[in-house]
Amino acid sequence: MIRLLHTADWQIGKTFGQFSAEDAPVLADARLQTVATLAELASRHQVDAVLAAGDIFDSQGVSDRTIQRLFHAMSGYAGPWVLLPGNHDAALAESVWTRARRLDAIPGNVHLCLTPRPLILDAARIAILPAPLTQRITHDDLTQWFDAAPTPDGMARIGLAHGSVQGLLAEGIDASNPIAPDRAQRARLDYLALGDWHGTRQVDARTWYSGTPETDRFRANDSGQALLVTLPGHGAPPEVQTLPTGRYRWRTLTWSLHSSAAVDDAIGSLAELTPQDVVQLRVDGQLNLEAHDALQAALNRAQGQVRSLVVDTDGLRLEPDEDDLRRLQAQGYLGDVIDTLRQQQQQPELADVARDALVILSGILDSRNAPAETGGGDAPATQVQPCN
Amino acid sequence: MQLTRIQLSQFRKFRGALDIRDLSPGLNLFTGPNEAGKSTIAAAFRAAFFERHRSNAAQEFRPEGDSSATPSIALEFQTGDTQYRLFKQFLGRKRCTLEFDGRKLDGDDAEDHLAGLLGYQYAGKGRSKAEHWGIPGLLWIEQGNSHELDSAIAHAVEHLRTALGGDAGRQSEESDLVLSSVMQQRNALLTPSGGAPRGDYAQAQANVAQLQQALQAIRNEVRDYRDKVDRLADLQARHAADEAAQPWQAAHAQQQQAQQQLQETRQLAQSLQELLVRQRDLRETARLLQDQLQHLATRQQTIAQRQAAVTQATDALHLADAAVQHWQQRHAQAAQTRQQTQTALERMHQAAHLADLIRERQDCLRQLDAAGRRLEQADEANRSLQALQAALADLPADDKPLARLRDCTRRLDELRIRQQANATRLQFALHDGATLTLDAEPLHGSGERLLTADATLELPGTGTLRIRPGGEGLEALRDEHDTLARQSDTLLAQLGATSLQDAETRHLRAIQLRADSAMRQESLRLHAPDGADALRIQLASLQARLSGLDARIASERQAIAASHGVDGSAAPNDITDTVDLSQAQAAHQHAQTALDDAREQLHQAQLRAGAARSQHEHAEREQQAALLAIDAEQDRSHNEQWQRRLTDIQAELAQSDIQAGILQQKIAQARPDILQQDVERYRLSADGLLLQHRQRHDAILRLEAELQALGAHGLDEREAELAQTLAQAQRSAEALTRRARALDHLQQLLRDRQQAATQALQAPLQAHLRHYLDLLFPGAELSLGDALSPDTLRRRLPDGMRADLIATLSHGAREQIGVIGRLACADLLRAAGRPTLLILDDALVHTDEVRLAQMKRILFDAATRHQILMFSCHPSWWLDLGIAPRDIDSLAASTLPLQESA
C-alpha cells in the first residue's frame, strides 16, 4: 500500500491587489503557511511522498526571500516532496528553479522534475512520470511520453502533470497545455496527479485535480484542500480522500434590501462571519436614509470582524422618507434638494452621483443636528469599492 | 436705527475733534464747500463699521502730515429700544468697544456683533471692499456711486435674503450654512472655478499616475527579462546542436579539397610555362636560320643584278655613241646651209645697195634736168657757191655709213684681239739661212705668228706641218670676222673711202664744206633768194652727185660681177625686191639657229656618251668585285644544312603547340581563380562558423550571468506588489472622484435652490419700489432681475409704451433709480424689523430741477420712516427740504480727546 499527498497550484508569491493594503499581505502570507500545513498533514498521515503538480510559484521572478521561505515551510515533512513546474513557473533556461538551485535552497528530500524523465523513489516503490512545462505555453500533450515509458516492475506508475484535460473543462479555459482525458488508462498509470485547476476535481477513477490548498478567488470552486491518495496495490483503483488545508474562506454574498426589516435581518446575518472569512458583498435594493445609515454602521463594524470585507453598493438606491426629512430637519430649499436627488437616482447616468450626494448631504445634516459629533463633514466610512 | 451723535478725532480733515449731536430721526443735511470735510465724516462713519480696528489700512485716516495721530470715532445710536455706543480707535492705540444694554463688547466681538446687526462682513485681510459691505454698502451711498445699484444689491442680496426671509429666511440661512459646508468640502477636492482636482484628490490622481508609470517600467523590465530567458534557451539549443554537428569541419574539408585542386592546376600551369619557354627558344633559332638563308639568297641576287647592270650600261653606251655620230652629221649639214644663206644674204645686200644707188641716180637725173631748166635763171645766183659745191661733190652726203663703218671697224678690232688671244701662237727661231714657208709666207730668223686659221708650215726638204688652231670659238670668230670685214669693205665703198681714216677725213672735210656751203647759201638766200647761183650750184651739185653715183654704180656692178663671176650666176636686176631680202635674212637666221641647235645637241650627245662610258666602266668594276667576294660551294652547303635544321624546328613547334593547347584547356577548365576563391570562401566559412560557435558560447555565459543578477531582484514579485499598490491607489482615487462629483452635484443643486429663494424676494421689493416710482415716473413699471437689481424701466410716453434697459438710461435717471431702489430696500428691511440708516453723499448731482423736486418729495417721505444723512455742496438746492442744513464749518471743532465711554 502506497500513500501519497496530492497537491498543486500553491502560487507562492501571489498578491491580492483587490484588497486593502492591510489585508493583501496577510492573504499572500497565508499561502506559505498552508505549505506548512501540508507538511504537517503529510507527516501526520505518514505519506510516502508529497506530489505538487505545478504552479508552485506564482511567477518566475519571486524574491530570493520568498524562495527561501517556501522551502523552509516544507521542513515539517522529511519524506520526499516531488515538485513539478507549471505554466507559472515553467522550467525555462533561466527559471525560479535554477535560481533556487543556485541559492542552494532546495533540501535533499525535495525532487524537482524539470525534465520529462522518470523519477524513481526506490524506498517508496514509486516510479513518477513527470510532464514538466519547459515553455510558458505549449499546445502539445506533454504526457504523451508516459504511454511508452518503461518503469521498474513492482513499482507504482504515478503520472504528474499540469494542464487542462481536454473536453472536461469549459471551452476556452486553459485550452493550452492539453492533457488527453484517457492518459491514465493509456499509460497504465496507477494514479495521475494533475494541477492547474484551482478546485478539487475528479477526472476518472485514477485521475484527479487536487485544487489549490489555499483559496485565491471568489469563484466557487471547491478549493482549499489537498488529496490523500491511497494505492491499495495490485492495480486496484486508488482511494482518494480530501483534506482541508485552507485558512481563509472566500465568500460572495448578495443582499437585496428594500426595508428596514430586511436591513435588520441582513445585519443579523453578519454575526456569523469569522476572521477566516474573505467576503465580497453586493448590495442592491432601496432604503431610506435611516436604514441606510444603520446598514453602513453595521458594515463598518463588520470590517473588524472578518479578514476582509469588500462591499459594492452601486445597486442600492436611497429613498428618503418623511421620517428622514423630519429627523434631518431639512428645512428651506434643502427639502427640495433631497427630493431632487432621490429622483435623480432613477436616471442611470445620475444614479451613482445622486446617491453619493444624498449620503453626503445626510451626513452634513446629521452632524449639524448632533453638534457633539464634530467633523460631520467627513465621508461615510463605508468602503465603496468595485469588486474585481 | 437712529444715529444720535457722531464724534471724530484726528481723522483726516479734522486734526482736532468733531462732535455732531442732536441728529434728527428723519432728514439731516450737512452742507459745505468742497474740501470742507463732508466726505471725511461719511468716510469716518463707514470706517467705524467696516474696518477692523486693527486694520493697517487705517493709515490713510490720519490727517495729512501727522504720522503720530490716532484716528478715533465714537458713535451713539439706537435700534428699537436698544442704545448703542461704539468707540473705535485706529493705529496708535487700537481699540474697539461696543456698549449696549449694559453689556460691553471688546475688539473682534464688538465688531462681529455689529456686522451681524447690520448685515455685512469684514475683509479677511487688508482694506474692506465693496463686496464685504452688505446691507450698509447698499444704503450708504458713496459720493458719485448713487447710480451703481446693481453691484451694491449683488453684494447685499445674501444679507437681504437672510434679513427678509422671516421663517423662510431663517430656513434659508440654515440651507446656506449647509451650502457653505458643501462648498468647503467640494473646494477641498476641486478648484472653485475650473473644477480641476486639488488637494488630496489631485494627490491621489498623481499617485495613481506615478504608480502606473512605475508599474509600466517594471513590466518592461519583466518583459525584457523574459525575452532574455527565451534568448538564452534559443542560444543553448543552437549551441548544443552545433557542438554535435560541428559544421565547420565540413567547411574545412571542402577547403582542403579545393586547395588540392588548386595545387594540381598550378602544376599544369608550371608545365605550360616551361613549354612556352622552349617554344620561344625554338622560334628564336628558327628566326636566326631564316635570317642566314635570307642572307645567302640576297648575295646570289646581287651578283645577278650586277651582271644585268653591266649589260644595261653597255647598251646605253652604244646608244650614246650613235647619237654623237648622228649629231655630228647634222651639225655639218647645218654649217653648210648657213654658209649658203650667208652668201645669198650678202648678195642681196649688194643688190639692194645697187638698187638704191640707181634710184638715187635717177632721182639725181630728174633733179638735174629740172635744175638745168632753171639754170639760166639761177646761174648768176649760184656762182659764188660753185667752188664749194664742187668741193663737196666728192664727199659723201650721208653720215650713217660712216657710223656703221666705225662700229664695224671697232667690232673688227675687238674680234682681232679675241682672235689673237685665242690664236695658236707659232714662235719660231730659225737658224740663219734657214727658211720655212707658212702658208706661202716664208719665215726667217725668229718671230712669232698668231694662227687663227688652219695653216700649213712648209719644212723644206722634210714635208709640211698642218697646224689647226684648237682654241675655243676661233672658227666662229673667224666667221664673224669675215662677215664684218665684208661689211667694212662695202661701207668703205659706199663712203668712197679707202680706209676708215680716209672716211673720217672725208667726213670731217664734208662737214667743213657743208658748213661753209650752208653759210654761203645762207648768205645767198640773204642776198638773193632763189637766185640762179643757187640753182647752178644745185645743178652742179646734182651733176657732181650724178657722176659720183655713176662711179659708185659702176664700182658696185663691178663688185657684183666679180662675186657672181665666181659661180657664173647671172647678175641680178638692179631692182631688188626688199621681200627677197627679208626672206633671205630670215633663212639665214633660221640656218644660224639650226646650226647653234645642232652644235648644242652634239655637245649634249657627247656629254651623255662620256657619262655612259663612265657608267659602263663602273658596272664592270662592281660585277668584278662581287664575283670575287663569294664562295659558291660553301654557300650551297650552308644552305642545305640550315634548311634541314629549320624544318626540324618547325616540326617540333607544331608538336608543342598542340601540347600547349591541351594544357591551356585543362587550366581553363579548372578555373584557378575560382578555385582560389573557393579555398578562401571555405576557409572563411569554417572560421566564421567556429567563431560564431565560440561567440554564442560567450553570449550564453554573459546572458546567464546577467539573468542570475536580474533574477535576484524578484522582478515579478515586485511587479505584483506594485500592481497591488496601484489597485489600492486607484480605488482611493476612484472614491475621491465619486465624492468630488457628488459634492459638485450637490453644490450645484443647492445653489440653484438658493437662487430661487432670492427670486422670492422680488415681489415685496417691487411693491415698495412702486411707491417711489409713481412719484418719479407716474404710471411706469420697473422690473427686477434675478439678483433683485432693477432691470427694465417701462414708461407710458405720449407716443406709447417705452421699455428701457436701466443700463441704457441717462446718468441722472440711473442716479434717481439708484436712490429709490435703496429707499425701497430700506423699506423692506424696516418692514422686517431690521435697522436702517440712509446716507446720501452728494447723491443727486446729475438730477435736473424737475426731477430734483420729485426726489425731494420722495426723500421727505422716506425720512418719515428712516433716518437719512445727506451731504451736499449745493445748500441752495435743498432750501425747500423742510429742514435746516448744518454747515460743516460751523460745527465747532473742540480739542477735547474722545472718551471711550459716554
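Residue numbering restarts at 1 for every chain, and letters A, B, ... go by the order of the sequence lines.
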Visitor: So which heavy atom on A:Asp216 is nearest to which on A:Lys14, and how close?
Guide: OD2-NZ, 3.1 Å

Visitor: Using a strict cut-off of less than 4.0 Å between a Lys/Arg side-chain nitrogen and an Asp/Glu carboxylate oxygen, indicate whether A:Arg69 and A:Asp29 qualify as a salt bridge.
Guide: yes

Visitor: Measure A:Gln135 against the heavy atoms of chain B and call it side chain, backbone, both or neither at under 4.5 Å.
Guide: neither

Visitor: Which bit of A:Leu350 comes within less than 4.5 Å of chain B, counting heavy atoms only: side chain, backbone, both or neither?
Guide: side chain

Visitor: Less than 4.5 Å to any heavy atom of chain A: does that hold for the side chain of B:Gln728, its backbone, both, or neither?
Guide: both

Visitor: Considering only heavy atoms, which portion of B:Asp234 lies under 4.5 Å from any heavy atom of chain A: side chain, backbone, both, or neither?
Guide: neither

Visitor: For B:Arg231, is it the side chain, the backbone, both or neither that has a heavy atom under 4.5 Å from a heavy atom of chain A?
Guide: neither

Visitor: Under 3.5 Å, is there a donor-acceptor pair between the B:Gln216 and B:Glu221 side chains?
Guide: no

Visitor: Would a distance-only check, ignoring hydrogens and angles, find a side-chain to backbone donor-acceptor pair under 3.5 Å from A:Thr98 to A:Glu94?
Guide: no

Visitor: May I ask you to decide whether B:Asp716 forms a salt bridge with B:Arg226, counting only side-chain N to carboxylate O separations under 4.0 Å?
Guide: yes

